[in-house]
Structure formats: structure tokens, C-alpha cells
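I have placed the structure first, in the form of C-alpha cells, so that the comments after it can refer back to it.
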Amino acid sequence: MNAIVSVGSPAQSSALSALEAVEKRVLWLATAMVHHANRVRPNTSGLKVGGHQASCASMVSIMTALWFEQLRSGDRVSVKPHASPVLHSLNYLLGQLDEKYMTTLREFGGIQSYPSRSKDPDPVDYSTGSVGIGATAPVWGAIARRFVDTHYGAGGTGRQYSLVGDAELDEGAVWEAIIDPGIADLGEIVWIVDLNRQSLDRVVPNIAAGRLESMFAAADWQVITVKFGRLLESLFARPGGDALRTRILQMPNPEYQRLLRCSADEIRLRLPGEGPGSADISALVSTLDDATLSAAVRNLGGHDLAALNNAFEQIDDTRPTVIIAYTIKGYGLPTEGHPQNHSALLSRDEYADLAATLGMDPLHPWQRFDDHSEEGQLCAATAERLRRELIPALTPPAVPTDIGRTPKGSATTQAALGRVLLDLTREAPEAASRVVTVSPDVSSTTNLGGWVNKVGVWSAAERHNWFADDAETIMHWNERPSGQHMELGIAETNLVGLIGELGATWSRWGQPLFPIGVLYDPFVERALEPWSFGIYAGGQSILVGTPSGVTLAAEGGAHQSIKTPSIGIEQPGCISYEPAFALDVEWTLLASIARLGRPDGTSAYLRLSTRPVDQTLANVPADPAARERRRQQVVAGGYPLLRRDSARVTIAAMGTLVPEAMAAAERLNEAGVPADVVCVTSPGLIFEALQARQGRAHGETWILDQLFPQDRATPLVTVLDGHPHTLAFLANIQQVRATALGVSKFGQVGTVDDVYRYHGIDTDTIVRAALDIAR
């Protein structure tokens with residue numbers, strides 16, 4: 001009566017038996033890691049430690065088959081966040097993780113809650129944790145690898161795997177990546193969807209695998225579905241099997257999940273249903289003993305190692321592939337299939353029962369396989385196959401600090417961006433060759449046209465430019481493997497995901513790149529989370545937001561960014577700049593590029609504008625030593641732009657508001673109230689210097705004395721095209737009275753003068769604020 005399924009030759013059966021033993025050991029280790037963190041390790045705070053034993057269990061078979069049968073050293077894998085213990089258990093069995101770390105899950109200095117490239121003690125290819133971001137990272141990693149390979153021949157080969165939970169596909173960023181036109185050619189991308197049909201709170205009633213298959217197929221992905229294991233497939237071949245297959249396929253998700261919580265007798269009553277084939281199904285299940293029947297309803301393809309390996313063998317590597325693997329959340333655990341098992345922890349008794357079932361000792365849980373056993377030899381062979389040679393990081397080429405140009409006339413900071421990049425190709429071609437610009441269909445409107453014409457657009461294969469002979473076409477879209485500009489569809493999350501991976505090539509393949517992403521500043525907030533996560537994962541990049549602020553004027557409130565200056569201050573691993581003049585753009589951009597592509601590197605955010613500004617207001621020193629002093633001040637956070645004898649008030653202004661500040665200072669001087677003007681380029685760096693002075697951080701503090709010396713301490717007016725609190729802290733440097741001007745409400749359509757007046761950042765308002773505070 002038991003279903004006996006042939007798995008091939010004795011040799012194949014022996015290999016599969018060893019693989020199944022590894023699978024069970026991985027399940028045990030992952031479960032034990034979470035158990036120890038919650039039930040064994042002392043918890044002095046009383047706060048929940050957490051972990052996801054059920055989410056791990058649904059991925060054990062998939063990851064065991066992938067690591068021990070499919071992966072090669074050049075492959076990279078992004079592991080779904082909640083399967084972190086499975087990844088570490090695999091690394092442990094492969095000798096990549098010391099036993100002392102097995103008890104440190106979610107402990108300070110130990111194994112992180114979710115896989116982290118920068119913080120975990122064992123190999124992690126992609127940091128994950130924020131749902132959707134880790135899933136798409138290998139897509140951008142594939143592009144980064146190809147770029148490195150086409151430019152330097154150093155990217156090697158290898159697939160880029162994403163292990164994705166089905167609920168993760170609810171994230172819009174996932175589909176933004178999938179449907180991007182440039183992705184269809186990336187055959188090294190493989191996604192494996194853990195289709196366990198559960199979210200955090202419930203069994204999801206309407207997850208339709210057929211719909212997901214159609215959506216991937218519409219994006220020209222290869223779709224492979226692994227629905228059933230060998231036991232169920234053998235039952236489908238028996239009389240009544242067709243009816244059983246139809247019944248299971250048409251059964252609602254919650255009804256199927258309920259079967260997992262039933263005894264064999266209950267399954268016999270529930271499984272046939274009441275449809276046309278119920279009698280045939282009843283007849284079929286009557287031939288099965290209780291153990292086989294219970295095993296059959298659990299025999300989904302995502303837990304069948306042979307079925308999974310068969311699916312992997314079908315990947316054709318000519319286009320992206322998605323493998324949709326049917327699984328059970330909590331597979332093999334007492335919480336199997338329970339609708340609220342997402343964060344459920346095994347009790348001590350359940351843990352002991354699991355140990356007995358798997359033949360483990362709960363008092364000595366961290367057992368590896370004997371080196372001479374078949375399983376031990378399998379682990380050793382897999383470890384050798386996956387071993388990667390250490391790739392030394394190449395020192396990035398030197399970046400000049402000053403091109404030597406002094407802009408005249410009127411210019412915008414946005415236009416200066418393109419000019420600096422073109423100057424770099426002439427002054428420092430080796431450094432310029434490492435620059436990669438990325439934009440979401442805004443290359444021309446962000447002044448990158450000249451740069452794109454100069455360096456070309458990157459493409460894995462050369463494409464014919466049908467407008468090359470059109471005399472009226474100013475921007476030339478020449479696509480070739482040597483190009484240095486990439487343009488994605490209008491999806492800011494894709495852009496920052498890509499620059500994050502381009503900014504990690506120094507650590508993956510030893511080749512540093514200087515990625516610069518350009519987007520409209522109002523959309524920085526839309527892209528902030530994945531960009532921040534990319535920085536956390538070690539991706540160093542420059543994000544340029546332009547145009548910005550209410551200075552957009554006629555664009556209206558929907559396109560006027562308010563909070564982005566403070567975002568730049570608060571983002572870890574990032575230095576933010578808002579230059580006022582074209583030369584400030586040059587100096588800050590070059591300094592930002594020089595910080596990329598190195599172990600101690602730092603990302604940057606530049607907020608630029610399309611407002612023309614009189615460049616003579618910068619009053620750039622002609623003396624070389626004085627010019628260098630100004631440059632150092634600009635890069636460190638700001639510089640004194642105007643000093644008056646016996647100044648009674650200081651105006652600290654940033655970006656496009658510097659002309660208003662200078663005009664206000666002139667009027668105040670005429671009114672007998674001399675005013676100093678300080679041009680702030682990076683409030684974040686100034687704040688760090690203040691923290692260092694107070695002993696709360698490490699760093700240099702000299703810029704504070706350059707900008708706000710004690711002997712010139714006066715009441716302070718701060719003003720910027722952004723939220724006023726961004727610069728309000730400057731009053732603390734010398735403990736002076738202050739008024740903070742800025743934008744704290746949604747904007748209006750109008751001229752720049754109208755909009756500035758509406759928000760109280762115009763010259764008249766600055767003058768009034770200075771007079772009030774200088775009394």
C-alpha cells in the first residue's frame with residue numbers, strides 16, 4: 001500500500017540519501033539557532049529576541065539543493081531575510097562559520113537578524129532585510145558584473161540568484177525591476193519563489209501561481225513551476241490520480257493549509273471534497289496507509305530535492321528565469337502550516353521532540369558530519385567547489401581636487417555637474433573612465449547630454465544608432481560595451497539599486513567604480529530606502545538630486561522638495577552637499593568621487609538647482625594659496641563669503657538662497673547693521689564637527705572656527721530652500737540667538753520671487769529677521 005518511487009540507480013539513491021541527511025541537519029541547525037537565542041541565552045532586557053523558524057523551514061530544501069547541487073564559485077545568492085539561519089547553517093556545515101557564532105544569532109557582535117555583507121562573520125553575497133530590496137539586488141549585481149567584465153575583463157561568470165518569499169512579490173519595487181526593458185537580456189538572473197502561500201498574519205487567500213507565472217512570462221522570463229514531489233506525482237499516475245490533481249490545484253489556499261493540521265482520518269474525509277471526482281479520490285486514498293497519506297499532502301515540489309534539481313537543470317541561461325516552488329511554511333516542524341506560525345517559536349518540549357525525530361542531541365546541538373561519512377565528504381566537496389579566491393581590491397585612480405577653472409557670468413549648479421564630468425575626461429582620463437552615470441529617463445533634463453555624447457551609453461552588445469546622421473539630433477544615443485552611462489525606465493528605486501551594486505564592485509571583483517545617479521530631487525524620498533540599504537550593504541555611490549526645492553517655482557508644490565536637505569544630514573555613510581556656485585559643485589563633486597571605491601569609502605548626496613546665479617558673488621580668491629584654502633572650506637562644510645567690520649548679525653545661507661543673503665547683507669549695511677555672510681555647503685559635516693568638539697564623535701573641528709569664530713559671535717539668521725531646522729543647530733556653535741528661515745509647507749506655483757516671498761525666504765524677510773534679532 002505504501003507508495004514506492006524509484007529515484008534512479010543505487011549510486012543516485014545513495015547520493016540523494018546523503019543530500020537528504022544534509023537537508024535534515026540544516027533544518028535542525030537553523031531551528032536550534034533560533035531556539036538558543038530565545039529559549040537558552042539569558043535575556044536581561046525582557047524584550048523579544050525573535051526569529052523565524054517556520055520561514056526557515058520552508059526554504060531548507062530549496063537552499064540545500066541549490067548549495068549542494070547547483071552553485072558554483074562565481075554564483076551569487078540573495079537569501080530572503082527570514083531564512084538567515086538557514087544561510088548560516090549552510091556556511092557552518094561548509095566550514096565557513098566558527099561554532100562559537102551558532103549561539104550568537106541576534107546578539108550584539110554576533111550573527112545579524114538578517115543576512116548582512118558588512119556585519120555577519122561568514123560569507124554573505126547580498127544584504128537583505130527590507131522586503132523587496134534584497135530580491136532585486138542580484139538584478140543590479142548582474143549589470144554591475146557585466147559592466148566590469150566588458151570594461152576590465154574581471155567580472156568573471158556566474159548566475160545571480162534571488163530567493164524570494166511569495167509575499168515579497170507584493171512589493172512594487174520587485175515588478176519595477178522585473179519589467180525594466182534592460183533586464184530581459186540578463187540570462188544569469190534566477191529567482192526562486194518560496195510559494196508557501198502565507199504572510200505574517202494569515203494564509204493568503206488569493207495567491208494565484210498562474211497569475212504570477214503569467215506576469216513573469218509577460219516580462220519575457222523563463223518560468224519553471226515545481227508543484228509536486230515524487231510521491232504525489234506517483235499517486236497522480238494511479239486510478240483517480242487525475243481527479244486528485246485537479247482537486248489539489250483548484251483547492252483554495254486556506255483549505256489546503258488546513259489539511260496540514262489534520263489527522264489521517266480527517267484528511268480522508270476532507271481531501272475528496274464534494275466535486276465530480278470525489279468518489280475516485282476517496283477510492284485512491286483508501287489504498288494508502290496513514291503515514292503515506294499524511295506525507296502525500298505535504299509532498300510539494302519545493303521540498304523534493306530531486307524535483308528541485310530537475311528544475312535547476314531546465315534553466316537555459318538565455319533570459320531571466322523564475323522557479324516557482326510550492327512549499328509549506330514550517331515544513332517538518334510542529335508549527336507546520338499553522339496560519340500564525342510566522343514568528344512562532346517551538347516550545348522546549350516541541351524542540352526535544354524534533355531532536356528525537358531528527359536524531360539529534362538537544363544538549364549538544366552543533367554537530368557537524370563526520371569527515372569520513374558520505375555526508376561529510378559531500379560537505380567537503382561542496383566547500384571546495386564554492387571556494388573563492390581572494391581578489392585584492394585595486395586602488396582607485398587619483399582624482400584631481402581642482403580643475404583650475406573659475407566660472408564667470410551666470411550659471412546653474414545643475415549645469416556645472418555636466419561640465420565637471422567633461423572636464424574630468426580631459427584632466428584625469430583614468431579617473432573619468434571609472435565614472436558610471438545612471439538616470440531614470442532624465443539624462444537631457446539634468447544636463448548630462450554632453451557627457452553622454454562623450455562617453456556613450458553602456459550596452460552589453462553594440463546597437464545601431466539610427467539617428468546618428470540626423471543633423472537636428474543634439475544628444476547622441478550611442479550604445480556600446482565601452483559606454484559609461486546607463487539609463488533605466490522611470491523607476492527611482494531601480495536607479496539607486498543599480499548605483500548601489502555598481503558601488504560595490506570594488507569589494508566583489510576588485511574593480512572600483514565611481515557611480516553617479518541623477519534624478520529629480522523631489523523623488524529622492526521615493527528612492528531613499530533602497531539607496532540607504534545599498535549604503536548599509538557597502539555600495540558607495542553619489543546621488544544627485546536636481547532640480548530641487550521651491551526654487552522650481554512654476555512646477556508647483558508637487559515637485560518642490562522640502563525635506564531632502566535634512567535627509568542628507570541624517571543618512572549614515574553619506575556626506576551631503578548643497579553647493580551655491582559652479583565652482584562649489586566642482587570641488588564637492590571631485591571630493592565625493594575621491595571617496596568612492598575603497599574600504600573606507602563614503603557615499604555622497606548633492607542637491608543642485610536650475611536657478612542661474614551670478615558667479616562673481618562667489619568672490620573666488622585669485623591667490624593660489626587662498627583659493628586652496630577656500631576649496632578646503634567648501635569641502636569641509638562651508639566658508640565665510642562676506643565679512644564686515646563690527647558685524648552685528650550673521651546670515652548663514654545655503655544653495656540658491658545665497659544671492660538673497662548677499663542682497664540682504666548689503667541692505668543691512670546701508671541701514672547701519674553690518675552683517676557677515678557664511679555660505680554653508682554641508683550642514684552635516686558642520687554638525688559632525690560640532691559633535692566632535694563636544695566629545696561625542698571623532699573628527700576635525702577646525703571648520704567651526706573658520707565659519708563661526710568666537711570673536712565674531714553675533715545673532716544668527718539661517719536661510720535655505722528647505723526645512724528651516726536643517727541649519728537651526730548652527731546657533732549652538734557659539735550659543736547665540738537665532739532665527740531659522742526656510743520652507744515648512746507645501747509650495748505654490750509662481751515666479752521665484754513670488755514663491756520665495758510666500759515661504760518667507762526672500763531678501764525682505766531676511767532683512768526683517770536680521771533687524772529683529774540684532775536689536
Side-chain angles (χ1 to χ4, degrees), residues 62 75-81 125-126 128 130-147 158-197 199 204 206-226 311-312 314-326 438-441 459-460 486-502 517 519 523 526-527 529-531 533-534:
I62 292 171
D75 298 340
R76 297 291 187 273
V77 187
S78 175
V79 177
K80 82 170 189 177
D125 291 333
Y126 288 99
T128 59
S130 191
V131 174
I133 295 175
T136 59
V139 172
W140 318 122
I143 296 177
R145 185 200 65 78
R146 287 200 179 200
F147 183 92
R159 288 175 178 166
Q160 298 279 343
Y161 290 91
S162 290
L163 307 183
V164 185
D166 50 10
E168 199 164 4
L169 297 180
D170 290 344
E171 283 289 339
V174 167
W175 297 103
E176 287 180 348
I178 289 169
I179 65 174
D180 191 273
I183 306 307
D185 296 329
L186 302 179
E188 62 266 46
I189 294 173
V190 179
W191 283 26
I192 305 173
V193 178
D194 170 19
L195 194 76
N196 60 42
R197 299 166 303 283
S199 62
V204 180
N206 295 316
I207 286 183
R211 183 178 56 156
L212 293 176
E213 292 169 7
S214 298
M215 293 169 70
F216 277 102
D220 202 24
W221 285 48
Q222 180 191 17
V223 180
I224 301 171
T225 302
V226 190
F312 292 138
Q314 296 178 46
I315 300 172
D316 64 17
D317 289 320
T318 64
R319 54 180 173 152
T321 296
V322 59
I323 297 173
I324 299 176
Y326 283 61
V438 185
S439 69
D441 197 33
S459 176
M486 298 182 183
E487 184 154 300
L488 303 173
I490 305 176
E492 287 77 14
T493 55
N494 288 352
L495 176 138
V496 296
L498 178 53
I499 63 174
E501 288 305 317
L502 290 168
L519 74 167
F523 307 137
R526 183 186 300 174
E529 186 199 5
W531 186 52
F533 205 85

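Excluded from the calculations below are hydrogen atoms, water molecules and symmetry mates; all remaining heavy atoms, backbone and side chain alike, are included.
- Residue Ser439 holds its OG atom at 11.5 Å from CE of Met486, rounded to the nearest 0.5 Å.
- No donor-acceptor pair under 3.5 Å is formed between the side chain of Ser162 and the backbone N or O of Trp191.
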Item to check | Chi angles and distances behind the side chain to side chain contact (heavy atoms under 4.5 Å, CB included) call for Asp170, Val131 | outcome: CA-CA 9 Å; Asp170 290 344; Val131 174; over 6 Å; no

What pairs of donor and acceptor atoms, side-chain ones from residues 489-498 against any protein atom, are under 3.5 angstrom apart with sequence neighbours left out?
from: Glu492; atom 1: OE1; to: Arg526; atom 2: NH1; distance (Å): 3.0
from: Thr493; atom 1: OG1; to: Glu176; atom 2: OE1; distance (Å): 2.5
from: Asn494; atom 1: ND2; to: Glu176; atom 2: O; distance (Å): 3.0

Residues 214-223 side chain polar contacts: donor-acceptor under 3.5 Å, at least two apart:
from: Ser214; atom 1: OG; to: Gly210; atom 2: O; distance (Å): 3.0
from: Gln222; atom 1: OE1; to: Asp316; atom 2: N; distance (Å): 3.4
from: Gln222; atom 1: OE1; to: Thr321; atom 2: OG1; distance (Å): 2.8
from: Gln222; atom 1: NE2; to: Gln314; atom 2: O; distance (Å): 3.0

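- Put simply, the side chain of Ser78 gets close to the backbone of Gly134: a donor and an acceptor are under 3.5 Å apart.
- Minimum heavy-atom separation, Ile224 to Ala311: CD1-O, 3.6 Å.
- We find the CD1-CD distance between Ile499 and Glu501 to be 11.0 Å, quoted to the nearest 0.5 Å.
- Smallest separation of non-hydrogen atoms from Ile62 and Ala325: CD1-CB, 4.0 Å.
- For the pair Ile133 and Phe533, the tightest heavy-atom approach, listed with the atom from each and the gap, is CG2-CD2, 3.9 Å.
- When all heavy atoms are compared, the tightest approach of Ala527 to Leu519 is CB-CD1, 4.3 Å.
- For the pair Ala137 and Tyr126, the tightest heavy-atom approach, listed with the atom from each and the gap, is CB-CD2, 3.6 Å.
- Panel note: side chain Gln160, backbone Val139; no donor-acceptor pair is recorded below 3.5 Å.
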Next on the checklist: Please evaluate residues Val226 and Leu195 with respect to the criterion side chain to side chain contact (heavy atoms under 4.5 Å, CB included), reporting the C-alpha separation (whole Å), side-chain torsions for both, the decisive distance (0.1 Å), and the verdict.
Outcome noted: CA-CA 10 Å; Val226 190; Leu195 194 76; over 6 Å; no

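- Side-chain contact check for Ile323 versus Tyr161: every heavy-atom pair is 4.5 Å or farther apart.
- Rounding to the nearest 0.5 Å places CG of Leu212 at 9.5 Å from OG1 of Thr225.
- Thr128 places no side-chain N or O within 3.5 Å of a backbone atom of Lys80 that could act as its donor or acceptor partner.
- Of all non-hydrogen atoms in Trp175 and Leu169, the two that sit nearest each other are NE1-O, 2.8 Å.
- Atoms CG and CD1, on Asp166 and Ile324 in that order, are 10.0 Å from each other to the nearest 0.5 Å.
- Here side chain to side chain donor-acceptor pair (under 3.5 Å) pairs that include residues 135-145, with residues two or more places apart or in two chains, are Arg145-Glu188.
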